[in-house]
Amino acid sequence: MKLLHLDSSVLGAYSVSRQLSSEIVAREVALHPGINVVYRDLAADPVLHLSGTHLAAWQGSVIEDPALIADLEKGGNYMEELIAADIVVIGAPMYNFSIPTQLKAWIDRVAVAGKTFRYGPNGPEGLLSKNKKVFIAASRGSIYAAGSPAASLEHHDSYLAGLLSFLGISDITVVRAEGLASSPESKEAAISQALKDIAAIVA
Ligand SMILES: Cc1cc2nc3c(=O)[nH]c(=O)nc-3n(C[C@H](O)[C@H](O)[C@H](O)COP(=O)(O)O)c2cc1C
């Protein structure tokens with residue numbers, strides 16, 4: 001079995017999403033001894049934003065810039081790692097109501113028509129294996145639960161889960177710690193609840 005672990009917070013050791021994603025990975029390793037873990041720190045080692053030259057390369061243009069060649073190779077590795085993974089764990093902080101741009105840049109390399117989705121007579125179809133399981137470790141400063149004043153600004157874990165579902169993944173679990181900026185007490189309570197949720201994961 002293979003597990004792909006992604007982190008995207010820029011806050012390093014202070015990051016809540018990193019703490020939660022690593023706890024989920026530890027839980028999954030305990031549940032699946034011998035599972036092979038591939039780790040990507042998308043904040044420390046991001047790909048470039050997509051450009052016209054990237055798209056031209058995908059269409060077969062010859063690229064000579066060594067930096068772009070290396071970047072295209074990294075993006076290709078992202079795709080292979082996702083396709084090969086049985087379990088994907090994504091550390092995803094909320095930045096400006098959505099995900100960090102580094103995580104969006106990862107999505108731009110793996111959401112590719114003809115590879116991970118296609119448009120057919122019945123509309124879009126996800127091409128990733130239905131057997132994949134995804135865990136999203138979502139952290140955010142405020143509260144966006146349905147009915148809360150800021151609910152309509154939540155383009156964070158709902159976006160990420162929606163995108164992965166578009167690619168064909170249906171088994172998606174969100175472990176959420178929110179309200180982290182409200183007070184030290186609410187931060188502690190949110191993290192403590194998220195850690196309990198992780199400890200309760202059984203597969
Ligand atoms: C650049 C930046 C933008 C943020 N934008 C939001 C936001 O729009 N809404 C929110 O609730 N929290 C926001 N926050 C707070 C983070 O979501 C919160 O600190 C969370 O813990 C970040 O995850 P991390 O600890 O894994 O880095 C922002 C934080 C940063 C650094």
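- One hydrophobic cluster, built from ILVMFWY side chains closer than 4.5 Å, cannot hold both Ile143 and Val16; they sit in different ones.
- Residues Leu164 and Val88 fail the side-chain proximity criterion, which asks for heavy atoms closer than 4.5 Å.
- Residue Lys196 places its NZ atom among 12 or fewer non-hydrogen atoms of other residues, nucleotides or ligands, all under 6.0 Å distant.
- Pro46 places none of its side-chain heavy atoms less than 4.5 Å from the side chain of Trp106.
- Distance check, rounded to the nearest 0.5 Å: CG of Leu160 to NZ of Lys104 gives 11.5 Å.
- The CD atom of Glu81 sits 4.0 Å away from the CZ atom of Arg40 when rounded to the nearest 0.5 Å.
- A side-chain donor-acceptor contact under 3.5 Å links Lys132 to the backbone of Ala85.
- Not one N or O on the side chain of Thr116 forms a donor-acceptor pair closer than 3.5 Å with the backbone of Leu167.
- Within the 4.5 Å cutoff, the side chain of Met1 has heavy atoms near those of the Ile87 side chain.
- Note: Leu153 CG to Ser148 OG = 9.5 Å, rounded to the nearest 0.5 Å.
- Atoms CD and CD1, from Glu28 and Ile201 in turn, are 6.0 Å apart once rounded to the nearest 0.5 Å.
- We find the OG-NZ distance between Ser170 and Lys133 to be 10.0 Å, quoted to the nearest 0.5 Å.
- Looking only at side-chain heavy atoms (C-beta outward), Gln19 and Ile191 come within less than 4.5 Å of each other.
- Side-chain N or O atoms of His156 include one that pairs as donor or acceptor with a backbone N or O of Ala92 at under 3.5 Å.
- Under the 4.5 Å side-chain heavy-atom criterion for ILVMFWY residues, a single connected hydrophobic cluster contains both Leu3 and Val175.
- Using a cut-off of 4.0 Å between Lys/Arg side-chain N and Asp/Glu carboxylate O, Arg140 and Asp157 are scored as salt-bridged.
- The closest side-chain heavy-atom distance from Ile107 to Ile99 is below 4.5 Å.
- Partners of Glu188 under the side-chain hydrogen bond (donor to acceptor under 3.5 Å, both in side chains) rule, at least two apart in sequence or in another chain, do not exist in this structure.
- Listed by chain and number, the residues in a side-chain hydrogen bond (donor to acceptor under 3.5 Å, both in side chains) with Glu73 amount to none (sequence neighbours excluded).
- Between Arg27 and Asp197 no salt bridge is recorded (no basic side-chain N to carboxylate O distance below 4.0 Å).
- Counting heavy atoms from C-beta on, the side chains of Arg109 and His54 come closer than 4.5 Å.
- The closest side-chain heavy-atom distance from Thr53 to Asp65 is not below 4.5 Å.
- Within 6.0 Å of NZ on Lys74 lie more than 12 heavy atoms contributed by other residues, nucleotides or ligands.
- Side-chain rings of His5 and Tyr39 approach one another, their centers coming within less than 6.0 Å.
- A chain of hydrophobic side-chain contacts below 4.5 Å, direct or via other Ile, Leu, Val, Met, Phe, Trp or Tyr residues, connects Leu42 to Ile83.
- Proximity of a side-chain donor or acceptor of Ser17 to a complementary backbone N or O of Ser9 within less than 3.5 Å is not detected.
- Residues Ile198 and Val37 are members of one and the same hydrophobic cluster, defined by side-chain heavy-atom contacts under 4.5 angstrom among Ile, Leu, Val, Met, Phe, Trp and Tyr.
- In this view, Ser158 and Glu154 satisfy the side-chain hydrogen bond (donor to acceptor under 3.5 Å, both in side chains) rule, not counting sequence neighbours.
- Looking only at side-chain heavy atoms (C-beta outward), Arg18 and Asp41 come within less than 4.5 Å of each other.
- Aromatic ring pairs are classed by plane angle as parallel below 30°, tilted from 30° to 60° and perpendicular above 60°; the pair Phe166 and Phe117 is tilted.
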